[in-house]
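Values in this document were obtained by computation on a predicted structure and should not be read as measured data. Letters go in sequence order (proteins before strands), and every chain restarts at 1.
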2 protein chains.
Amino acid sequence: MTVRPVAQALRDAGLRPTRQRLSVLQSLRDRPDAVTAQDLHAELRGAGASIGLTTVYRTLTALADAGLLDVFTRDSEQAFRRCGTVHHHHLVCETCNKVEELSAAEVEDWVHHAADRHGFEVTGHRADIFGICSECR
Amino acid sequence: MTVRPVAQALRDAGLRPTRQRLSVLQSLRDRPDAVTAQDLHAELRGAGASIGLTTVYRTLTALADAGLLDVFTRDSEQAFRRCGTVHHHHLVCETCNKVEELSAAEVEDWVHHAADRHGFEVTGHRADIFGICSECR
DNA sequence: GCGCCAGTTGATAATGATTGTCAAGAGCAT
DNA sequence: ATGCTCTTGACAATCATTATCAACTGGCGC
């Protein structure tokens, strides 16, 4: 009952539901924090899974392109996290990397007004908040 | 009359105003777009300046730490741009990399309200808009 | 003016995340 | 089952960035 929807999500993204992709998506599914390709690879290997580093990179990138994952830049590497498909912003804990999704009409309004004032045609925007969550304090 | 204030800015940041640092800060001063260390190094060399790549990296990082430059992540490398010292947001042209600074009380309000609602202690935030400027359209 | 020395520089090597390669392996429609 | 295309993964290659370390220099005290 948990494998089915994951496999479907992959199909919807035009990706074959292979054993490796399922294990990546599966471990991302129940995780509140963002993780790097390197770390996820080590974790999966540690848990006994057989998957190559290259595949982890490819899978994460493909899932992000399909809009199933958000990408963050942490230090000089990128971290991924499962995310909803509608537009949203983030509240990130700098200690445990937990990420909460936020929606915000206020931000959207600001984006368009500010861009209009400067004669820009909006192609995208990003608004994230960083902090320490209640558990980490 | 343009060298003096630049040198002073360096002193204020606790950095000796050396020939190399002056040339970096100087070329950043009259530039509306964000530039990477690699590109800036090539440019300075091309203009006849004598400066090492390592020094360009160190100088840009030091100036960013001192709050004189903003850092952007473009593809997988970081680009720098001179900036004001008060908190602000950005409007970035994805074609020519021109950057305009914005201030926005709306965003600050949203940040604190959203963080409070989730029990986070705010340590920082970032809100940038991407688009195409009027000249590039 | 001069020497001193902590702060700087820069050629080069090292690092480390990410991507390219390509032969072997695995879904899935027929 | 068979074939064909999509995937995989060990390994090599990239490439931005950082570490090294000996040579250099700004500027303060004399």
Side-chain angles (χ1 to χ4, degrees), chain A residues 3-4 6-27 34-66 68-69 71-80 97, chain B residues 3-4 6-27 34-66 68-69 71-80 97:
Chain A
V3 165
R4 182 57 46 71
V6 171
Q8 195 52 50
L10 284 171
R11 281 183 206 287
D12 291 346
L15 301 170
R16 285 185 187 168
T18 65
R19 178 172 48 75
Q20 292 89 338
R21 285 174 179 162
L22 287 171
S23 72
V24 166
L25 200 43
Q26 195 64 237
S27 68
V35 69
T36 66
Q38 303 276 352
D39 288 348
L40 182 55
H41 177 243
E43 249 184 63
L44 290 172
R45 279 293 182 88
S50 160
I51 184 170
L53 178 57
T54 307
T55 300
V56 174
Y57 270 104
R58 268 191 302 235
T59 301
L60 289 174
T61 303
L63 293 175
D65 285 348
L68 296 175
L69 301 182
V71 190
F72 298 84
T73 298
R74 208 156 67 204
D75 301 315
S76 51
E77 53 195 314
Q78 37 191 4
F80 299 80
N97 292 312
Chain B
V3 165
R4 183 57 47 71
V6 171
Q8 194 53 49
L10 283 171
R11 282 183 207 288
D12 291 346
L15 300 170
R16 283 187 188 165
T18 64
R19 177 173 48 74
Q20 293 88 338
R21 285 175 179 162
L22 288 170
S23 71
V24 166
L25 200 44
Q26 195 65 236
S27 68
V35 69
T36 65
Q38 302 276 352
D39 289 348
L40 181 56
H41 177 243
E43 250 184 64
L44 290 173
R45 279 294 182 87
S50 160
I51 186 170
L53 177 58
T54 307
T55 299
V56 174
Y57 269 103
R58 268 192 301 238
T59 302
L60 289 175
T61 303
L63 293 175
D65 286 347
L68 296 174
L69 301 182
V71 190
F72 298 84
T73 297
R74 209 156 66 205
D75 300 315
S76 52
E77 52 196 314
Q78 35 191 6
F80 299 79
N97 291 311

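Closest non-hydrogen pair, A64(A) versus V71(A), comes out as CB-CG2, 3.8 Å. The minimum heavy-atom distance between R74(A) and A34(A), with the atom names listed, is NH1-O, 3.2 Å. The shortest non-hydrogen separation linking L15(B) to A62(B) is CD1-CB, 4.0 Å.
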Taking it one step at a time, do V35(B) and N97(B) satisfy side-chain contact (heavy atoms from CB on, under 4.5 Å)?
CA-CA 8 Å; V35(B) 69; N97(B) 291 311; over 6 Å; no
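Within the structure, side chain to side chain donor-acceptor pair (under 3.5 Å) pairs that include any residue of residues 38-49 of chain A comprise R31(A)-E43(A), T36(A)-D39(A), Q38(A)-Y57(A) (at least two apart or interchain). A side chain to side chain donor-acceptor pair (under 3.5 Å) check over residues 14-25 of chain A, counting only residues at least two apart or in different chains, returns nothing.
In this structure, OG1 in T59(A) is found 5.5 Å from CD1 in I51(A), a value given to the nearest 0.5 Å. In this structure, L69(A) CG and L25(A) CG are separated by 7.0 Å, a value rounded to the nearest 0.5 Å.
Within the 4.0 angstrom heavy-atom criterion, no nucleotide atom of any strand lies near T59(A). Within 4.0 Å of R21(B), counting heavy atoms only, lie sugar-phosphate atoms of the nucleic acid but no base atom.
When DNA chain D is scanned 5' to 3' for any atom under 4.0 Å from a heavy atom of chain B, the first and last hits are dA16(D) to dG27(D).
No hydrogens or angles were tested; on distance alone, nothing pairs the side chain of R58(A) with the base of dG20(C) as donor and acceptor under 3.5 Å.
Each end of the helix from dG1(C)-dC30(D) to dT30(C)-dA1(D) gets its own rotation axis from five pairs of C1' atoms, and the angle between them is 30° to the nearest 10 degrees.
Every residue two or more places apart in sequence or in another chain that forms a side chain to side chain contact (heavy atoms under 4.5 Å, CB included) with A66(B) is listed here: A13(B), L68(B). Annotation: side chain to side chain donor-acceptor pair (under 3.5 Å) contacts of D12(A) (sequence neighbours excluded): Q8(A). For the side chain to side chain contact (heavy atoms under 4.5 Å, CB included) test, residues two or more places apart in sequence or in another chain that qualify with S27(B) are L40(B), L44(B).
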Protein proximity profile, nucleotides 24-30 of chain C - base contact B, sugar-phosphate-only contact S, no contact -, cut-off 4.0 Å on heavy atoms:
---BS--
What are the atom names and distances for every N/O pair under 3.5 Å that joins the protein to nucleotides 15-19 of chain C?
from, atom 1, to, atom 2, distance (Å)
dT18(C), OP1, Q78(A), N, 2.9
dT18(C), OP2, Y57(A), OH, 2.7

